[in-house]
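Read through the structure below, which is laid out as C-alpha cells, and then see the notes.
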Amino acid sequence: MTAAGPASSLHVAVVGAGFVGTTLADALVARGCRVTLVDQSGDVAGATSTTFAWLNSHRKRPESYQALNRRGLDVWRGRFGDRHAAHVTWGGHAVIVARAEHVETLRERVVHLRSLGYPASFVPVAGAAERVPGAVSPGAIAAEFPLEGHCDPGPIRASLLAGLAASGACTVVTDAAVAVDGAGVALRSGGRVDADRVVLAAGNGSEALAASAGFRLPLVGPQAGGAAWGFLARIVVPSHGIDRVLSTDDVNIRPDGPDALVAQCLDLDRAAGPDHQHDPEIAAAFASRVMHLLQRDDATVASVRVGHRVIPADGQTVAGPLDGTPDARTWAVVTHSGITLAPLLAELIAGELCGGEPSPLLDGFRPGRFAAGGRQSEGVAPARRPGEQ
Ligand SMILES: Cc1cc2nc3c(=O)[nH]c(=O)nc-3n(C[C@H](O)[C@H](O)[C@H](O)COP(=O)(O)OP(=O)(O)OC[C@H]3O[C@@H](n4cnc5c(N)ncnc54)[C@H](O)[C@@H]3O)c2cc1C
C-alpha cells in the first residue's frame, strides 16, 4: 500500500481484480476507503494473464495519450516500481530492423520521441545485436529507448492482494457481477454488494456492465484476427542472456527469467481469435524465428496462448464517472496498455473518488465521449509492426 491519505468512510465496489482493478483497490485503501473487490475468477484471468508487460510510452497517439503513458511510466519509475522492484526490470528497449518499411518507421519514431523529450537514440547495430546475431542483416538500423522496461504482473498483483487482505479494509468476493446500478452490484449468485461507488475495472466484461446501468462503453469487438487478439509464446532458451525488451522485424522478445523468453510475432496475430486452438504451425513459427534471432538450435516452445486485449472502441483509455459528474455512483477504468497505465490511473481515479479535483491529465479520456450522439468508434488498427502493442 502507498502512504495512507486522510481517512475516508467511502465504500467502493471495484468490479474486476485484474491489474487495473487491483492497483485501484490498493490506492483506494491507502486513502482510507473500504473496498469490495469483485471478480468472477478466483485467479489471475483476462488480459493480465496473457500480457507482454512492456512498460513504455513508445508509440502512442494522439499526443495526449503519449503524455498519459509517459506519466504512467514515471509512476512505475518512481514509487510503484520501487515497491515492486523484485518484479520490474529497467533494461531498456532495443529495436533492430532491416525491412524497408520498418526502417522508415523507426527513423520517424526516434525523431518524434526525441522531439517530445523522450529518450531515444540510434545506436550501432553490432552492439545492439550482441545477443541476437540473427537480427544483423544488410540495411539494418538499431535504436535504444533506455527509459522503457518490463515487469512480471502476476507476482505484483499477488503482492497487492496480500497487502489488501492484511489491511482489513478490503473484502474479495469471487462471483460474477451481472449488473450495476446506483446502489451497488448484482451478483450471479443472487447476492448483492451495496456500496457508495462502483468502479468498473472488468476489462472486456465492462461494456456489458456499463450497459446494465444505461451507459455506453464500447470496446473493440471480439472478431478473430482483429486488434483485440494476440499470441503470446513462452519459449525456453537456457541461459539466453537477453536482459531487455527487443523488437525486430518479425519477433519481439523479453526475458522471463534467465532460461525463458516471452515472445510476440505480431504478423501471426491475424490468425488469433476467441476460438483458436493449439496450432503446431504457429508454435513452429515462434520457435524458428527465435532460434534464427539468437542463432541457436535449442529453443523449445513451452506454450502459445491467445491474449484478449481490452481496447475501448477508439483505442483510448476510459477513466472517470460514467455520467460525467464528480458525485456519480458508477465509474469506469478500462484501458489498453493497462500494465503501464494502471498505477497512474489508480492514483488519479482514487484521488477523484475521494473528493479530489478532476485531473486534467484525464481530459479527453472520460467515458462521456461515448454517450449517445458522442464520439463513435474510429476503428483501431491492429498492432502489426515492431514497437507496436
Ligand atoms: C497479448 C497482449 C499483450 C499486451 N502487452 C502489453 C504491454 O506490453 N504493455 C502494457 O502496458 N499492456 C499490455 N497489454 C495490455 C494489458 O495487459 C491490459 O491492458 C491489462 O492487463 C488490462 O487489465 P484489466 O485489469 O483492465 O483487465 P483484465 O486483466 O482483463 O481483468 C479484468 C478482470 O475482470 C474480471 N471480470 C470480467 N467480467 C466480470 C464480471 N462480469 N464480474 C466479475 N468479474 C469480471 C475478469 O475475471 C478479470 O479478472 C497487453 C495485452 C495483451 C492481451
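All heavy atoms count here, side chains included; hydrogens, waters and symmetry mates do not. Note that this is a predicted model, so its numbers are computed, not measured. Start at 1 and go down the list; that is how both ligands and their atoms are numbered.
By the side-chain contact (heavy atoms from CB on, under 4.5 Å) test, Pro358 pairs with Glu352, Arg366, sequence neighbours left out.
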In a simple table, one pair per line, please give the protein and ligand 1 atom names for every N or O pair closer than 3.5 Å, along with the distance.
unit_1, atom_1, unit_2, atom_2, d
ligand 1, 5 (N), Thr51, OG1, 3.4
ligand 1, 5 (N), Phe52, N, 3.3
ligand 1, 5 (N), Gln389, OE1, 3.3
ligand 1, 8 (O), Ala53, N, 3.2
ligand 1, 8 (O), Trp54, N, 2.9
ligand 1, 8 (O), Gln389, NE2, 3.4
ligand 1, 9 (N), Trp54, O, 2.9
ligand 1, 11 (O), Ser337, O, 3.4
ligand 1, 11 (O), Ile339, N, 3.3
ligand 1, 11 (O), Thr340, N, 2.9
ligand 1, 11 (O), Thr340, OG1, 2.9
ligand 1, 14 (N), Thr51, OG1, 3.3
ligand 1, 17 (O), Thr51, OG1, 2.9
ligand 1, 19 (O), Thr335, O, 3.1
ligand 1, 19 (O), Gly338, N, 2.8
ligand 1, 21 (O), Thr48, N, 3.3
ligand 1, 21 (O), Thr48, OG1, 3.0
ligand 1, 23 (O), Thr48, OG1, 3.3
ligand 1, 25 (O), Phe19, N, 3.2
ligand 1, 25 (O), Val20, N, 3.0
ligand 1, 29 (O), Ala47, N, 3.3
ligand 1, 29 (O), Thr48, N, 2.8
ligand 1, 29 (O), Thr48, OG1, 2.5
ligand 1, 30 (O), Ala47, N, 2.9
ligand 1, 41 (N), Ala177, O, 3.0
ligand 1, 42 (N), Ala177, N, 2.8
ligand 1, 44 (N), Gln40, N, 3.1
ligand 1, 47 (O), Asp39, OD1, 2.7
ligand 1, 49 (O), Asp39, OD1, 3.3
ligand 1, 49 (O), Asp39, OD2, 2.6

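There is a side-chain donor-acceptor pair under 3.5 Å between His58 and Glu148.
Among pairs with a residue in residues 94-123, none fulfils salt bridge (charged side-chain N to carboxylate O under 4.0 Å, His left out), at least two apart in sequence or across chains. Within the structure, the salt bridge (charged side-chain N to carboxylate O under 4.0 Å, His left out) test picks out the following pairs touching residues 275-296 (sequence neighbours left out): Asp267-Arg289, Arg296-Asp298.
At least one cation-pi condition fails for Arg309 and Trp229: the charged atom is not both under 6.0 angstrom from the six-membered ring centre and inside a 45 degree cone around its axis.
Aromatic ring centres of His150 and Phe52 lie farther apart than the 6.0 Å criterion allows.
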